[in-house]
There are 2 protein chains.
Amino acid sequence: MEDQLETDGAETRAVPRKRQARGERRISDILAAAARVLAVQGYEKTTTNAIAAEAGISPGSLYQYFRNKDEIAAELAATYAEGLRAAHEAAFDLTDVALLTPGETIDRVVDPILAFNLANPGFKALHARPDMPPGLVAAARPIHEALLGRVTGLLEARFPGRSSVELHLAARLMIQVFQAAMPSITAAEPEDRPAIITEVKRMLSAYVRELADR
Amino acid sequence: MEDQLETDGAETRAVPRKRQARGERRISDILAAAARVLAVQGYEKTTTNAIAAEAGISPGSLYQYFRNKDEIAAELAATYAEGLRAAHEAAFDLTDVALLTPGETIDRVVDPILAFNLANPGFKALHARPDMPPGLVAAARPIHEALLGRVTGLLEARFPGRSSVELHLAARLMIQVFQAAMPSITAAEPEDRPAIITEVKRMLSAYVRELADR
DNA sequence: AAAGAATGCGAGCGATCACTCGTGTTTGTC
DNA sequence: GACAAACACGAGTGATCGCTCGCATTCTTT
């Protein structure tokens with residue numbers, strides 16, 4: 001009935017032929033509003049009306065730019081994926097990883113994600129929460145995969161002889177540890193955060209040492 | 001109108017004056033059904049009608065025994081708390097903890113919780129999920145507190161000189177590590193689980209060693 | 001066996017929420 | 001300035017869900 005299904009039968013957007021500048025701004029507003037609401041409410045409890053209200057628009061206008069609630073989250077996840085990728089790239093491109101100590105390497109990986117999480121409170125709502133429809137989990141997966149690949153690569157560089165399966169498992173565990181600690185960090189008062197962060201890094205460092213001595 | 005509010009104004013149950021044996025059985029059935037549904041659906045997505053259907057009763061009968069959905073979850077959490085406490089007690093009462101090696105101690109703490117999680121799939125839905133109303137989080141807290149206290153106590157026994165705050169933080173992190181890995185373990189094929197479990201224990205052991213060398 | 005209590009039922013109520021629709025307003029284009 | 005497209009609105013729709021209510025059945029007690 002509308003302009004949803006276009007010539008190709010695949011998942012096409014309700015995109016007008018020519019988006020106005022006002023529309024582009026609205027999209028940014030909506031995504032920012034969604035991030036704010038998601039950060040405190042979680043996905044399921046976030047209502048589309050609440051996002052619209054937070055963005056200062058009507059519920060109907062929301063659907064001028066997004067086909068449904070999932071699409072908002074997916075778009076936000078894509079934005080986050082790009083931001084995190086850029087942050088990581090910036091932390092790595094200047095240095096040869098082989099020259100770093102294990103502790104420095106951990107800092108290089110952890111600090112950007114940490115900063116990103118603290119700067120983007122909506123991020124963890126989209127990744128550390130299990131209350132999302134399967135389609136959304138799939139949308140968030142590329143971020144996880146990229147991170148897992150990056151960490152596995154670092155381990156492979158440091159432990160060339162080890163089996164890929166072993167290092168993959170180790171990398172996954174290390175990421176899970178970080179994710180598990182993240183809520184504690186964001187929930188803590190800012191002055192208490194460094195202690196927790198130090199402790200997490202100690203855990204990861206100790207594990208990497210154990211991996212080396214194995 | 002009914003028998004809900006009794007003499008005291010506090011939160012009283014809709015308890016009949018004399019529960020029949022049939023009623024006691026129903027309660028067990030309902031809790032078991034709720035655990036099954038919760039395990040696969042999570043709290044929010046679990047509907048009371050689904051619990052009733054799983055238990056083979058009508059929606060109305062559900063509310064013969066529980067005042068609302070939250071109370072079902074709270075009762076289940078209480079059951080789990082007792083089961084876990086018993087499992088831990090059984091693993092500890094025969095031995096003096098001071099005689100165990102760190103690795104053995106970790107086994108003593110981890111193995112019962114691990115077994116309990118695998119035997120009770122609904123358990124983690126009630127504890128590892130953030131999609132619960134505040135009242136329910138409060139109901140699940142005693143389990144966490146007990147575990148945290150137990151682990152902190154073990155660390156204090158092993159590191160008498162350390163500050164309580166430091167060990168508390170360490171204990172919390174260790175528990176988080178375990179919780180972080182738990183979903184992977186339950187999701188994995190049974191034959192893949194030992195490898196993951198070994199890895200988690202290695203990480204915890206390495207961390208305890210780091211704590212000793214600090 | 002009779003009465004009262006406990007149990008059982010399931011249609012349906014009220015609230016919530018994602019999403020729509022009819023209509024009005026703004027913007028870009030000629 | 002005229003026309004169309006994009007944007008905006010917000011009451012309303014249909015679906016879902018927690019929970020209730022009126023009534024039927026079963027159990028316990030006497």
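Letters A, B, ... mirror the listed sequences (proteins, then strands); counts begin at 1.
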Trainee: Are A/Arg19 and D/dC7 close enough that a side-chain N or O sits under 4.0 Å from OP1 or OP2?
Mentor: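 It does, given that an N or O in the side chain of A/Arg19 lies less than 4.0 Å from OP1 or OP2 of D/dC7.
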Trainee: Look at the side chain of A/His168 and the backbone N and O of A/Thr152, then say whether any donor-acceptor pair between them is shorter than 3.5 Å.
Mentor: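 The answer is no, because no donor-acceptor pair under 3.5 Å joins these two groups.
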Trainee: Would you kindly give the NZ-to-P distance between A/Lys18 and C/dC30, to the nearest whole Å?
Mentor: 10 Å
Trainee: Sub-3.5 Å donor-acceptor pair from the side chain of B/His88 to the main-chain atoms of B/Val109, do we have one?
Mentor: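 Answer holds: yes.
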Trainee: Given atom CZ of B/Arg22 and atom P of C/dA6, what is their separation to the nearest angstrom?
Mentor: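 Checked: the CZ to P distance equals 12 Å.
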Trainee: Look at the side chain of B/Lys69 and the backbone N and O of B/Tyr43, then say whether any donor-acceptor pair between them is shorter than 3.5 Å.
Mentor: yes
Trainee: Please work out if A/Leu62 contacts a base, only the sugar-phosphate, or nothing of the nucleic acid, heavy-atom cut-off 4.0 Å.
Mentor: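 Contact class for A/Leu62: none.
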Trainee: Nearest-Å distance, CZ (B/Arg26) to P (D/dT26)?
Mentor: 13 Å
Trainee: Rounded to the nearest Å, what distance is computed from the OH atom of residue A/Tyr63 to the C1' atom of nucleotide C/dG22?
Mentor: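 So the OH-C1' distance, A/Tyr63 to C/dG22, works out to 18 Å.
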Trainee: Give me the residues of residues 48-56 of chain B where at least one heavy atom lies under 4.0 Å from an atom of DNA chain C, by number, or none.
Mentor: none
Trainee: Check this for me: does any side-chain nitrogen of one of A/Glu89 and A/Arg85 sit under 4.0 Å from a carboxylate oxygen of the other?
Mentor: yes
Trainee: Have a look at A/Gly23 and say if it touches a base, only the backbone sugar-phosphate, or nothing, with a 4.0 Å heavy-atom cut-off.
Mentor: sugar-phosphate
Trainee: Are B/Tyr207 and A/Tyr207 an aromatic pair, judged by ring center distance below 6.0 Å?
Mentor: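 Judged by ring-centre distance (under 6.0 Å), A/Tyr207 and B/Tyr207 do not meet the cut-off.
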Trainee: Between B/Asp29 and B/Arg22, is there a side-chain N and carboxylate O pair less than 4.0 Å apart?
Mentor: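 No salt bridge links B/Asp29 with B/Arg22.
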Trainee: Rounding to a whole Å, what distance do you find between A/Arg25:CZ and D/dA6:P?
Mentor: 17 Å
Trainee: Using whole Å, report how far CG of B/Asn68 lies from C1' of D/dG18.
Mentor: 9 Å
Trainee: Could you say whether B/Gly60 or B/Gln20 is positioned toward the 5' end of DNA chain C, judged by the nucleotide with the nearest heavy atom to each?
Mentor: B/Gln20
Trainee: Once you round it to whole Å, what is the distance between P of C/dC21 and CD of A/Gln64?
Mentor: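 In whole Å, C/dC21 P and A/Gln64 CD are 14 Å from each other.
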Trainee: Between C/dA6, C/dC9, D/dC7, spot the one nearest the side chain of A/Pro16, thanks.
Mentor: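 Looking only at heavy atoms from C-beta outward on A/Pro16, the closest nucleotide is D/dC7.
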Trainee: Let's see if you can work this out: which of C/dC19, D/dT20, C/dG8 has an atom nearest to the side-chain heavy atoms of A/Pro59?
Mentor: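 The answer is C/dC19, which lies nearest to the side chain.
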Trainee: Take atom OH of A/Tyr65 and atom C1' of C/dC19, then tell me their distance rounded to the nearest Å.
Mentor: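 The distance from OH of A/Tyr65 to C1' of C/dC19 comes to 17 Å, rounded to the nearest Å.
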Trainee: Just by modelled atom types, is the A/Phe123 backbone N or O under 3.5 Å from a matching donor or acceptor in the A/Asn120 side chain?
Mentor: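 No, A/Asn120 side chain to A/Phe123 backbone: no donor-acceptor pair under 3.5 Å.
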